[in-house]
Amino acid sequence: MESFYIVGGSSLEGEVEIDTAKNSLLPILAGCILVDGEILLENVPKYSDVLYMCMILEHLGGKTKFTQGKFANQDLYIDCRDIIYSDVPNELACKVRSSIFTLGSILGRKKIAKVSYPGGCDIGLRPIDIHLSGLKQMGCKVVDKNGYIYADGSKLRSGDVMLSFPSVGATENIMMLATLTEGESRIFNPAREPEIVDLQNFLNSCGAKITGAGSNLITIKGVKKLHGCEYQAISDRIEAGTFLIAGAMCGKELVVKNVNQEHNQELLAKLSKTVCNLICDDDRIIISRTRRPLSFGEVETAVYPGFPTDLQAPMFALASISDGYSLIIENLFEARFKHIGELLKMGCDIRCKNGVCIVKGKEKIYGAEVNVPDLRGGAALTLAGLVAEGYTTINNVELIDRGYFHLEDKLSSLGAHVKRIKCEKKVDNCS
Ligand code: EPZ
């Protein structure tokens, strides 16, 4: 088990470069299964979830290799021309939520698929009924048995697919399934996240004919084959948001680089209420603190372009030291509050009932030993440790590595005192 050891009280100063988006790379990696050619994804951080997706591609018969390109992170070479298998076993699927995204791409390429139920952060039940409904609406025969999804695409047909909820993963799955399905398919009520647009752009770089991603109707004209391409995915709006929240908490003159401001409108609106200095300058945002933050008021998570659920946990860290009361409502995942129990150990004042939380900001919170419950909860605990009095030990930081690459190094380069330590003992999540 690995932990962070943080000595609180530092201000963040300097420049931090935001990495390529985890939630773009994962569906794009699934999309590589459709491609009968060589692909080079540029500037790919070695998020553990990316490494798990590479293992899945290799299990199917694909090849993946990190190579040094012109960016700080290496490029990732992928070759799925020789995909021979169409199954994803439990020991691989259970590692990441995005394993379920391979259902659409394996089906699209092989017309048959057997994929075990996905894993991912423990933030709710996370069913896959909307994914399966989309496959059935395209003529797939789907059997859900013994923890596996068996899908027969021999009678696959293009057509209209209505999603009962704008699920990000289901939208991506259906887009990929329709890409190699002859005829025109349309997805109604799709998710509109920037990562959906990024997947469309990647697939179109390989010769797909997709339009409308980011809007309320996506149209896919099936093609026979996809060729290889070189592609750089968008920057990670959630990592950017995490650093901006850190800047609102303890930024002296923090320059967040490689940010797409358009993707963080909701967060920027909230942070501007905390009386910090926010300067947006092209793909850089400069944030600094001149006094204790004022409460941002209320945050209610919603599908894009609403406030992102992935920044809900980090907002608790900001609210806990802000002047005033804050209201935080989580509407997307019914069990995405496990970080609260850990924050209470640090002296935070948080009350919760039926998905609605009230945070009373405090002048001081205190270091403690806490356990990471999930990826974004871990980010919240790390931010809280930066401002807590004394030192904080954060256990199970491997969960943070799923979506932040070298977080401790980035924070240390900004003046924080964060060290990664390897521990013998294994702390099972108490939450
Ligand atoms: C994606 O998860 C992201 N993961 C999540 O990021 C993100 O929180 C989420 O979208 C919402 O933005 C990746 O892209 C790899 P959903 P996904 O399907 O696709 C329900 C992070 O921290 N639902 O949009 O799983 C579901 O239970 C991760 O980076 C069904 O009921 O999200 C949830 O309540 C966490 N049936 C809601 O929809 C389904 O078939 C949103 O889920 C599918 C989803």
Side-chain angles (χ1 to χ4, degrees), residues 19-31 45 47-50 52-53 56 93 95-104 115 117-137 142 144 149 161-176 187 189-199 233-234 236-242 263 266-267 301-315 330-339 355 372-380 399-405 407:
D19 275 324
T20 307
K22 165 183 85 84
N23 289 347
S24 270
L25 288 168
L26 297 179
I28 285 172
L29 282 164
Y47 302 122
S48 49
D49 278 11
V50 164
Y52 285 131
M53 284 302 283
I56 291 174
K95 299 282 188 196
V96 284
R97 174 74 181 176
S98 50
S99 58
I100 196 64
F101 302 169
T102 62
L103 192 52
V115 177
Y117 262 70
C121 283
D122 181 10
I123 53 178
L125 284 176
R126 306 185 80 176
I128 56 171
D129 56 317
I130 301 172
H131 294 250
L132 303 186
S133 159
L135 267 56
K136 289 172 188 167
Q137 291 177 59
V142 177
D144 176 352
I149 302 302
V161 175
M162 169 55 77
L163 298 187
S164 56
F165 178 86
S167 152
V168 171
T171 303
E172 291 163 342
N173 236 333
I174 302 312
M175 272 171 79
M176 290 189 272
I187 304 173
N189 192 30
R192 297 167 48 189
E193 274 71 2
E195 293 78 22
I196 309 276
V197 179
D198 212 11
L199 178 62
I234 57 174
D236 195 311
R237 61 192 168 99
I238 304 303
E239 186 195 22
T242 305
H263 295 166
E266 279 292 310
L267 173 67
T301 65
V303 296
Y304 193 88
F307 192 92
T309 174
D310 294 347
L311 289 176
Q312 173 256 98
M315 288 299 264
E330 171 58 52
N331 288 316
L332 288 173
F333 291 103
E334 71 279 11
R336 195 167 204 173
F337 283 142
K338 294 193 176 76
H339 44 280
V372 173
D374 53 63
L375 165 57
R376 306 302 176 184
L399 290 178
I400 297 177
D401 297 338
R402 304 183 67 147
Y404 296 92
F405 189 49
L407 179 62

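We count ligands from 1, going down the list as the structure has it; atoms in each ligand are counted the same way.
Under a 4.0 angstrom heavy-atom cut-off, I123 registers as being in contact with ligand 1. Using a 4.0 Å heavy-atom cutoff, A191 is absent from the residues neighbouring ligand 1. R336 counts as a contact of ligand 1, since one of its heavy atoms falls under 4.0 Å from the ligand. Contact analysis puts K22 in contact with ligand 1, with a non-hydrogen atom separation below 4.0 angstrom.
The minimum heavy-atom distance between R97 and H131, with the atom names listed, is NH2-NE2, 3.9 Å.
Residue H131 has at least one heavy-atom neighbour below 4.0 Å for each of these atoms of ligand 1: 40 (O), 43 (C). Residue I128 has at least one heavy-atom neighbour below 4.0 Å for each of these atoms of ligand 1: 39 (C), 40 (O). For ligand 1, the atoms closer than 4.0 angstrom to any heavy atom of L332 are 33 (C), 34 (O), 37 (C). Listed by atom number, the atoms of ligand 1 under 4.0 Å from P127 heavy atoms are 27 (O), 30 (C), 31 (O), 36 (N), 39 (C), 40 (O), 43 (C), 44 (C). Atom numbering of ligand 1 starts at 1 in the shown order; those under 4.0 Å from a heavy atom of R376 are 21 (C), 22 (O), 29 (O). Taking every heavy atom of F165 and a limit of under 4.0 angstrom, the matching atoms of ligand 1 come to 37 (C), 38 (O), 41 (C).
Contact check for D236 versus T20: no side-chain heavy atoms found under the 4.5 Å cut-off. V96 has its side chain out of reach of L26: every pair of non-hydrogen atoms, C-beta onward, lies at least 4.5 Å apart. Put simply, the side chain of I123 does not reach to within 4.5 Å of the side chain of L332, judged on heavy atoms. At a threshold of 4.5 Å between non-hydrogen side-chain atoms, the residues L135 and I174 count as touching.
On a distance-only criterion, T309 and ligand 1 share no N/O pair closer than 3.5 Å. In terms of polar-atom proximity, V168 is counted as a contact of ligand 1, with an N or O under 3.5 Å from an N or O of the ligand. Taking any N or O of D310, backbone or side chain, at least one lies under 3.5 Å from an N or O belonging to ligand 1. Close N/O approach between F333 and ligand 1 is not found [any backbone or side-chain N/O within under 3.5 Å]. Considering backbone and side-chain atoms alike, G169 places an N or O below 3.5 Å from some N or O of ligand 1. Remark: ligand 1 and S98 share no N or O pair separated by less than 3.5 Å (distance only, no angle test). On a distance-only criterion, L375 and ligand 1 share no N/O pair closer than 3.5 Å.
Side chain of D19 to backbone of P45: no donor-acceptor contact under 3.5 angstrom is found.
Counting heavy atoms under 4.0 Å from ligand 1, residue R97 touches it through the side chain alone.
Of all protein heavy atoms, the one lying nearest to atom 40 (O) of ligand 1 is I130 N, 2.7 Å. The protein atom (non-hydrogen) at minimum distance from atom 2 (O) of ligand 1 is R126 NH2, 3.5 Å. The single protein non-hydrogen atom nearest to atom 18 (O) of ligand 1 is S167 OG, 2.7 Å, given as residue, atom name and distance. Summary of contacts: the protein heavy atom closest to atom 36 (N) of ligand 1 is D129 OD1, 2.7 Å. The closest protein non-hydrogen atom to atom 15 (C) of ligand 1 is N23 OD1, 3.4 Å.
Between R237 and E195, at least one side-chain nitrogen of the basic residue sits less than 4.0 Å from a carboxylate oxygen of the acidic one, meeting the salt-bridge criterion. A salt bridge does not link D129 to K136: none of the charged side-chain nitrogens sits closer than 4.0 Å to a carboxylate oxygen.
For Q137, the side-chain contact (heavy atoms from CB on, under 4.5 Å) partners at least two apart in sequence or on another chain are S133, V161, M162.
Contact annotation for atom 20 (C) of ligand 1: protein absent (non-hydrogen atoms, distance under 4.0 Å).
Distance check: F333 CZ to R126 CZ gives 4.5 Å after rounding to the nearest 0.5 Å. Here the CD1 atom belonging to I196 is positioned 11.5 Å from the OH atom belonging to Y304, to the nearest 0.5 angstrom. Note that CD1 of I100 is 6.5 Å distant from OG1 of T102, once rounded to the nearest 0.5 Å. A distance of 7.0 Å separates OG1 in T242 from CD in E239, rounded to the nearest 0.5 Å.
There is a side-chain donor-acceptor pair under 3.5 Å between Y117 and D144.
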